[in-house]
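We name chains A, B, ... by the order of the sequence lines, and we start the count at 1 in each one. Values below: all heavy atoms of this structure, side chains included; hydrogens, waters and symmetry mates excluded.
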Amino acid sequence: MDTTPHDFIRARIVRDLNDGTVKHEIITRFPPEPNGFLHIGHAKSICLNFGVADEFGGQTYLRFDDTNPLTESEGFVEAIKKDVNWLGYDWGDRLTFASDYFEQIYAFAEELVVRGCAFVCDLSAEELQATRGTLTTVGQNSPFRDRSIDENLTLLQKMKAGNFATGSRVLRAKIDMSSPNLNQRDPVLYRVIHAAHHRTGDQWCIYPMYDFTHCICDALEGITHSLCTLEFEDHRALYDWVLDNININFHPPQIEFSRLNLEHTITSKRVLRELVDQQFVNGWDDPRMPTLAGLRNRGVPPAAIRDFCRRVGVTKQENTIETELLDFCIRSDLEEKAPRCMVVRDPLLLEVTNFSGEDIRLTANWHPKLTEFGMRELVFGRKIYIDQTDFSEDPPPKYKRLVPGGIVRLRYAFIVRCDEVVKDDSGKIICLKVTYFPDSRSGNDTSGLKPKGVIQFVAENNALPIEIRDYEHLFLSKTPSSSTWQDSLNSNSVAVSNALVERTIYARSEQHWQFERMGYYFRSPGHDSEVKPVYHRTVSLSQRW
RNA sequence: UGGGGUGUGGCCAAGUGGUAAGGCAACGGGCUUUGAACCCGUCAUUCGCAGGUUCGAAUCCUGCCACCCCAGCCA
């Protein structure tokens with residue numbers, strides 16, 4: 001089965017290869033800004049850029065777009081590298097930083113000045129904004145627009161030398177203040193910021209803007225296809241203008257695609273930062289976060305994310321993907337990777353009144369279909385636990401579990417009948433007295449009984465405690481607004497409960513598990529055998545009833 | 001209102017003049033010692049709308065409508 005994607009970008013690459021536009025290998029880049037963690041939206045871009053290079057035998061740079069020392073830091077660089085790696089991609093020796101090119105970028109700025117294509121502007125940020133014009137009215141030329149080349153060069157050099165205060169002067173491209181494209185209205189190329197940079201330290205006090213930096217870095221690295229999201233479409237004219245007006249011998253094409261939006265999710269770094277800062281979550285890597293680190297901690301396998309990105313496709317259409325698709329990808333990956341076991345969330349004691357003597361040892365497959373997973377031993381005895389929700393005195397229609405007087409199959413064990421419901425003074429059920437049918441043993445059932453349902457159980461003598469954390473969406477709305485996100489914040493996005501598990505899994509090394517009839521769970525790393533293990537719900541099982 | 005984009009079923013998405021792929025979801029059924037998985041089946045006479053060209057249009061032309069992005073010394 002051919003699952004290789006065929007989208008307009010890959011079609012473009014094939015065309016460029018066939019008509020000789022690209023004569024050698026395909027080179028792409030993934031250019032994150034190290035001012036936050038990567039999220040599921042970035043995964044789409046990573047899979048696209050690295051995926052395309054893989055498919056066409058090319059290479060991909062991991063290039064940090066670090067031109068704003070005020071918001072960026074080394075910590076984010078490391079987190080991003082870890083996440084890209086985890087997702088399954090390798091940049092080899094192609095790890096670069098925009099700051100690696102500061103010297104060259106500055107030289108191009110001087111070149112622009114010498115060519116009369118850029119000027120130093122003394123307008124304040126407010127004045128600049130006031131003279132930029134609006135969507136429907138043209139802007140006004142800066143009074144500094146016609147400075148001589150010599151004066152501009154001297155001023156630019158003084159900016160670089162640190163003679164001017166932060167924000168006091170900028171270098172602007174001389175393009176067209178009446179352009180209907182706001183980005184072309186003499187955009188700022190360089191600004192003065194007296195701040196230490198995480199890589200270059202105090203070496204610079206002027207920093208290039210994105211529009212000036214990105215195209216130059218792309219050209220310098222020989223990027224054959226510069227892929228970015230739709231909001232940069234208006235910037236393409238500037239991208240091209242810069243490369244057309246400096247002496248550089250390569251001009252990558254910028255190609256835009258629509259970013260990924262997910263229901264119940266916000267992928268705005270600003271909002272994610274607020275969630276972290278205001279402690280609505282426990283950090284960027286909280287399992288509820290849509291960050292790659294968060295998804296990893298929830299137990300989402302990288303292969304599932306790659307599959308998800310593949311199924312989502314690449315187009316220029318705005319889209320909001322249903323969370324069901326991501327869930328589907330996670331389940332289908334875990335279905336054949338996760339061993340099964342039985343867990344009881346809210347234990348309800350069953351006393352098997354006709355059972356006495358030694359516990360019975362039973363065996364069960366770790367996986368219902370994949371025999372290579374092997375088997376484990378189960379215990380059945382006089383006292384066992386089932387989930388409270390698997391018993392009902394007042395069952396809804398089509399209820400298939402245990403009811404007073406009814407029978408149910410205990411998975412991999414025996415059929416039991418509920419004879420008596422024992423309650424305390426307050427009416428709370430404390431125990432169920434049941435009878436088991438010795439001839440109904442799994443695999444050797446001669447009882448002739450046909451219970452409607454099967455439920456999981458753990459024998460008291462085989463139970464060990466664990467903590468499970470069940471997660472829900474962070475936002476109630478399918479399309480939470482990044483400006484009013486607090487309004488739809490889910491105050492019950494995590495439910496912590498104590499549960500009982502078959503004791504054998506304490507010693508197992510697997511992290512991914514399917515707790516039968518409950519969902520896929522992920523054992524939190526960092527919990528050794530001394531303490532009660534914590535399991536995060538990666539995704540529930542699909543429930544069609 | 002200027003500019004840049006996008007409109008194919010609930011959500012994605014193929015399709016590039018020859019008579020609407022596929023996935024997710026949903027629904028119906030089968031199988032089942034996980035209400036899981038798996039298997040079968042159903043799900044756009046129609047492609048934002050209106051005209052036009054053509055033997056034939058989602059695909060070409062004209063007009064209109066809707067939605068998204070742009071007025072950071074952020075990226």
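Comparing rC39(B) with rA25(B), their P atoms are spaced 13 Å from each other, to the whole Å. Using P as the reference atom, rG4(B) and rA57(B) are 31 Å apart when rounded to the nearest Å.
Residue contacts for S124(A): at a heavy-atom cut-off of 4.0 Å it reaches a base atom on one of the strands shown. Within 4.0 Å of Y210(A), counting heavy atoms only, lies at least one base atom of the nucleic acid.
Under 4.0 angstrom from either OP1 or OP2 of rG35(B) there lies no side-chain N or O belonging to R401(A). Between T67(A) and rA75(B) there is a side-chain polar atom (N or O) within less than 4.0 angstrom of OP1 or OP2. Distances shorter than 4.0 Å separate none of the side-chain N or O atoms of T71(A) from OP1 or OP2 on rC74(B). Applying the 4.0 Å criterion to OP1 and OP2 of rG72(B), one finds that Q129(A) has a side-chain N or O inside that range. Side-chain nitrogen and oxygen atoms of S542(A) include at least one within less than 4.0 Å of the OP1 or OP2 phosphate oxygen of rA37(B). At rU32(B), none of the side-chain N or O atoms of R544(A) fall inside 4.0 Å of OP1 or OP2 (strictly under the cut-off). Within the structure, every side-chain polar atom (N or O) of Q317(A) is placed at least 4.0 Å from both OP1 and OP2 of rC11(B). For the OP1/OP2 pair of rC74(B) and a distance below 4.0 Å, the side-chain nitrogens and oxygens of R191(A) include at least one atom meeting the criterion.
Within the shown strands, rC65(B) is the pairing partner of rG7(B) under the Watson-Crick or G-U definition, both distances less than 3.5 Å.
At a cut-off of 3.5 angstrom, the base of rG3(B) holds at least one donor-acceptor pair with the side chain of D234(A). The base of rG10(B) is paired with the side chain of E322(A) by a donor and an acceptor separated by under 3.5 Å. Side-chain atoms of H235(A) come within donor-acceptor range of the base of rA75(B), with a qualifying N/O pair under 3.5 Å. If you check distances only, the side chain of R517(A) never reaches the base of rU34(B) with a donor-acceptor pair under 3.5 Å.
Side-chain atoms of N181(A) lie closest to rG3(B) of the nucleotides rG3(B), rG72(B), rU6(B). Of the candidates rC74(B), rA37(B), rG5(B), the closest approach to any side-chain atom of R236(A) belongs to rG5(B). Which of rA14(B), rG35(B), rG5(B) sits closest to the side chain of V454(A) comes down to rG35(B).
A centroid separation of 6.0 Å or more is found between the aromatic rings of F212(A) and F108(A).
Not one N or O on the side chain of Q184(A) forms a donor-acceptor pair closer than 3.5 Å with the backbone of D176(A).
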